[in-house]
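Atom set for the values below is all heavy atoms of this structure, side chains included, hydrogens, waters and symmetry mates excluded. Keep in mind that this is a model prediction, so the values were computed, not measured. All ligand and atom numbering here is 1-based and tracks the order in the structure.
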Amino acid sequence: MDTNIRQEARRLLAAMTLDEKLDLVHGVDFMWTRGVPRLGVRKLRMADASMGLRDDAIPATAFPASIALAATWDRDLAAAYGQAVAEEFRAAGVDVLLGPGVNLYRTACCGRNFEYLGEDPCLASQLVVAYIRAAQAEGVSTTVKHFACNNSDWHRCASNSVVDERTLREVYLPAFEAAVKEGGTRALMNSYNLVNGEYAAENRWLLHQLLREEWGFDGLVVSDWNSIRDAGKAFRSGLDLEMPGGQQWTPAALRALLDGGQVSAEELDRKVFQILAWTLEIQQMQAGRTRPPRGKCAAHAEVALQTARDGIVLLRNRDQLLPLKSAPGLRIHVVGPAAHPTPTSGGGAAKVQAVDPVSILGAVCAVAPEARISRSDRAEELAKADAVIVCVGYDAEREREGLDRPWEMHWLRDVNIIRHCQNHNRNTIVVVVAGGGVEMASWIDKTGAVLHAWYPGENGCRAIAEILFGKVNPSGRLPITIENSLADGAAAANYLPPGGQLYGEPPDYDWPSRAVFDVKYEEGVFVGHRHFDRSGKAPLFPFGFGLSYTTFAYSGLRVRLAAAGGADVIFRVRNTGSVAGADVAQVYVGDVKASVPRPVKELKGFAKIRLAPGEEKEVTVTLDRRAFAFYDVTRHDWVVEPGEFRIMVGTNARDIHLDGRVTLQN
Ligand code: BGC
């Protein structure tokens, strides 16, 4: 934090009355801070930001979901996305993005997976850093959420995530740590759940010891909406601002706590200082920058479209069924509940109301104007079609915050129509619209092709059609593992408490509706691809997986020791096919011999490489010292054990093309 800001915040603090201080620590009108009118301290306006600017009164670009952004594996796109969203905030006079979200994908059922960046700490960290830097450069504050361990939304206000320290440090915290230390986010939001027995809003270890003392965070911690249970505990925890209003931190309640000695005047001053400094920082970030014009912007729609083009994942393509060749007389049926309209987003705070969204049906008609497109799902007509595109999945009602969703898509609505089409046409192409993995093993074998489209936003269906007809070569890669069966997943045994039903119980938006229950993260660090390497089970689709219309060859691996105890991983990638395309080279590290159980391999770096046919590029991925470390709970520090490490370069967690070694010293 700038010295001038510090001084000015101190000066203002000294000029404030106790009443003004007690007023400032909670928000007003759902999305505003209060400011201090007497001293000219302005109010700040906030809005949700998971898929763009969410404010029903302001037309905004509905971007593809964050998980689609994760599936691009592209730091530049994450920056473009963050910048575009921030420009829309600035144009609308909104100062604070409530987002991005970085809770890791632990179970496919989590209703908020679509708002987050997938299962891997390295991928999530690198993308969120790019996003934050680009967004804050536009003069807004990001609010990275939900800190921490909100990895399922089933009774989120009663759910206690029980996680050992090593797992926290290695898996669930790195994206937050990177957001703070590298991204420089000016704000963070706590989650609704408990972490190791304390509500996140009241967890002093999380909000004070770790965040401020260890990571050196000097920004603001804002509560999730109505997430404080115990006013005094939350006050002492390190939280700064209660939103949306003073539910618990009412001036009267705080006065009583102060008078009774349960909270201190120094802590009140610290919070007030923090809110003042945050306000001044944002003001400084905005000074001298002209506000972008209001209204929707073509450049932002282009970023949204590019995110979908780069994030949609081609999972299956039997006998090169795709790309379809658009030609007069080509008969295509576009059917299924998500064909028209296509859900643009999951629900809850993330949902940006898309104006005139493109549907899959509409996009197919636009991209293949010569084809004969029909919506009929009558058996005899399906049988005559050249291909059938079946659009299925979830929507904003069924996948959203406050609840989790089933692993199986709706039997009658979705799975039946897939089977019906498969039975009548071999060239059945399934497009899945969902925020994470879904059950596919029972129907995929009879399917010609499968695309995972996540939530595509307002114009992402155009990208779906472009991929189906070969105008875009798919380059999205799974930011998650898709299991054969949910029971194969790392967290399956430790997810819902005994007797818990995914549906049929009222959602927990912001108040616990049942007694606190434990979610034990007993799998430890073995989450996602780490779990599948250890369990010996094969996933249906491994982490990092995605097909292309071209092929790539990898060669020439060299590993060179680099500055500060890290290593440079150097290799060549060639496009050996006949169309341009992009591949995601993934660098995994494994410790050959370790004193603690470590994953066989962990993603530690990646590069998205765009290549013309026949083109070859040399790629360097730099690994820092931490890439080789584990968190030692006895030393309370990251430790690299000297010795040999495997360096694996692959196109997914199960397809390693180059395998090398490097020896690290103390
Ligand atoms: C969500 C947050 C969101 C807030 C404000 C809460 O229900 O959990 O992510 O920022 O509402 O809309």
Taking 4.0 angstrom as the limit and counting only heavy atoms of [X], give me the atoms of ligand 1 inside it, by number and element.
X	answer
His146	2 (C), 8 (O), 9 (O)
Arg156	7 (O), 8 (O)
Asp224	1 (C), 2 (C), 3 (C), 4 (C), 6 (C), 8 (O), 11 (O)
Met31	5 (C), 12 (O)
Arg54	12 (O)
Lys145	2 (C), 3 (C), 9 (O), 10 (O)
Ala349	3 (C), 12 (O)

Item to check | N or O pair under 3.5 Å between Arg112 and ligand 1 | outcome: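 For ligand 1, there is an N or O atom that lies under 3.5 Å from one belonging to Arg112.
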Item to check | For His300 against Glu88, the heavy-atom pair lying closest together | outcome: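 Result for this residue pair: ND1-OE2, 2.8 Å.
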Item to check | Glu401 contact mode with ligand 1 (heavy-atom cut-off under 4.0 Å) | outcome: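 It is the side chain that touches ligand 1; the backbone stays farther off.
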Residues [X] and [Y]: side-chain donor-acceptor under 3.5 angstrom:
X	Y	result
Asn113	Glu399	no
Glu302	Gln306	no
Gln136	Thr142	yes
Glu523	His531	no

Hey, can you tell me if [X] and [Y] have their rings parallel, tilted or perpendicular (30° and 60° cut-offs)?
X	Y	answer
Phe63	Tyr81	tilted
Trp73	Phe543	tilted
Tyr172	Tyr521	perpendicular

Next on the checklist: Taking atom CG as the centre, does Asp19 end up with more than 12 heavy-atom neighbours from other residues, nucleotides or ligands that are less than 6.0 angstrom away?
Outcome noted: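 Yes, the 6.0 Å shell around CG holds more than 12 heavy atoms from other groups.
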May I ask whether [X] has any heavy atom positioned less than 4.0 angstrom from an atom of ligand 1?
X	result
Met189	yes
Met46	no
Glu115	no
Tyr192	yes

Checklist entry - What is the nearest protein non-hydrogen atom to atom 10 (O) of ligand 1, stated with its residue, atom name and distance? => result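 Going atom by atom, the protein heavy atom closest to atom 10 (O) of ligand 1 ends up being Asp48 OD1, 2.5 Å.
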